[in-house]
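So the structure is just underneath, and the comments pick up after that.
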Amino acid sequence: METIRWGILATGSIASSFAQAVTQTNGGRVVAVGSRADATARRFAERHGIPRWYGSYDGLIEDPAVDVVYVATTNDLHRANTLEALAAGKHVLCEKPLALNSTQARDMVTAAGDAGRFLMEAMWMRFQPYFFTLEELIAANRLGPVRWIQADFGFPAQSGPGGRLFNLGLGGGSLLDLGVYPLTFSYSLLGEPDEIDAVATLHESGVDEQVGILLRHSGGGVSALSCSLVADTSTEATVAGPDGRIRVHAPFHHSPMLTLQQAGATVEVFDTSYEGNGLRFEAEEVHRCLQDGLLESPRVPHRDTLAVMGLMDEVRRQVGVVYPGE
Ligand SMILES: NC(=O)c1ccc[n+]([C@@H]2O[C@H](COP(=O)([O-])OP(=O)(O)OC[C@H]3O[C@@H](n4cnc5c(N)ncnc54)[C@H](OP(=O)(O)O)[C@@H]3O)[C@@H](O)[C@H]2O)c1
């Protein structure tokens, strides 16, 4: 197996976790990092044992030794960074949300197709061991047809100056950062909704602090989803049908345990915990796809990413969150 050579674009907190995750993969190596400033790039490279660093994103993107760029900038920059990397002939794994809106996301998917390069949203939840177990339990008809999903993701975030989460210009807000998980969870299991109703409270900066979303799916399912940057919520999920329910223990997007309950009693517990860094599974998916010559992941296809982006557009339309330039 040929080594897949990663370049990391940006040096924030998730970039750091990802650099560590790649060291735990089969077949991947981080060969370069790029940052807006020399000092942060060099520090990051030293901390993670990365051989080359650049004090600009362009330097990284143009490095001929990089096969695939991991875009880990703030949400407002995902589109531009991804388009530049694709234009330079790189494959791209871009952090979630893929973009600010579905128009931007479609541009990115089109550009990847035109360039003949791989593109995936870094939706690491879909590669977690628990998610495969959950799908197996549903396929084995342990619940009957799924009729109900509840999922929430919330924590009280720092709202001081400099924080990206409450900054409209950086693509902040609870929906794009956190709500993308419950929406992807629900979409993955119940598909496209035919009705969507959202409410939110907005921060003085104009971003959504918290959002409640109800979806009615065409197959007869209902999802009740929420996300919050101002409340310490359970961050659990429940998937239910007439014959039982599965509790997806917190944190539901990388859950360590599932509990199958029927008629109010626990009938089986599934240990879905693992050692090490949970971002490594998505990195290994990229390795597999590149080695198989795929331009998109069968597990996180462009269609699903675009569908969830479209749902987020509609939620924002209903609650009145508009990013600069939209
Ligand atoms: N998969 C996950 O579990 C997960 C978790 C958290 C976040 N995320 C996603 O990953 C992305 C980054 O999140 P993060 O938590 O790592 O954010 P962060 O710690 O604030 O880092 C963001 C990085 O973006 C770069 N950047 C470029 N322009 C910037 C600006 N004007 N202000 C601030 N930073 C700027 C900076 O890198 P340089 O200084 O090196 O240029 C900065 O370190 C977001 O899209 C977020 O949604 C994913």
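We count ligands from 1, going down the list as the structure has it; atoms in each ligand are counted the same way.
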remark   = Atoms of ligand 1 under 4.0 Å from any heavy atom of Tyr181, numbered from 1 in the order shown, are 1 (N), 2 (C), 3 (O)
note = Here the atoms of ligand 1 under 4.0 Å from any heavy atom belonging to Leu170 are 30 (C), 31 (N), 32 (N)
task = Using modelled atom types only, decide if a donor and an acceptor are shared between the side chain of Gln318 and the backbone of Ala198 within a distance under 3.5 Å.
result = yes
Heavy-atom closest pair, residues Pro129 and Thr272 = CB-O, 4.2 Å
Ligand 1 atoms in contact with Ser35 (distance to a heavy atom under 4.0 Å) = 38 (P), 39 (O), 40 (O), 41 (O)
message = Any salt bridge linking Arg142 with Asp243? Criterion: basic side-chain nitrogen under 4.0 Å from a carboxylate oxygen.
response = no
inquiry  = Between Arg317 and Glu314, does any side-chain N to carboxylate O distance fall below 4.0 Å?
reply    = yes
task = Mind checking the CZ-CZ spacing from Arg299 to Phe132? Nearest 0.5 Å is all I need.
result = 3.5 Å
message = I'd like to know if Glu282 and Arg126 make a salt bridge, using a cut-off of under 4.0 Å between side-chain N and carboxylate O.
response = no
task = Decide whether an N or O pair under 3.5 Å exists between Ile14 and ligand 1.
result = yes
query = Looking at Thr73, which atoms of ligand 1 are within less than 4.0 Å of one of its heavy atoms?
reply = 11 (C), 12 (C), 24 (O), 44 (C), 45 (O)
query = Of the choices His254, Arg36, Glu95, which has the non-hydrogen atom that lies closest to atom 10 (O) of ligand 1?
reply = Glu95
key: Whether His78 lies under 4.0 Å from ligand 1, heavy atom   = yes
Enumerated ligand 1 atoms positioned under 4.0 Å from heavy atoms of Trp124 = 1 (N), 2 (C), 3 (O)
query = Is it true that Tyr57 lies under 4.0 Å from ligand 1, counting heavy atoms only?
reply = yes
task = For atom 44 (C) of ligand 1, state which one of Asn75, Asp177, Leu165 supplies the nearest heavy atom.
result = Asn75
message = Quick one, His302 and Leu119 - any side-chain contact, counting heavy atoms below 4.5 Å?
response = yes
query = Of the listed options (Ala41, Gly172, Ser13), which comes nearest to atom 19 (O) of ligand 1 when hydrogens are ignored and any heavy atom counts?
reply = Ser13
ask   = Polar-atom distance check: Gly12 versus ligand 1, any N or O pair below 3.5 Å?
value = yes
message = So is Tyr70 touching ligand 1 or not, going by heavy atoms under 4.0 Å?
response = no
ask   = Do you see a donor-acceptor pair shorter than 3.5 Å between the side chains of Asp58 and Ser56?
value = no
ask   = Any side-chain heavy atom of Tyr187 within less than 4.5 Å of one from Leu215?
value = no
ask   = How does Leu77 reach ligand 1, if at all, at less than 4.0 Å between non-hydrogen atoms: by side chain, backbone, both, or neither?
value = side chain
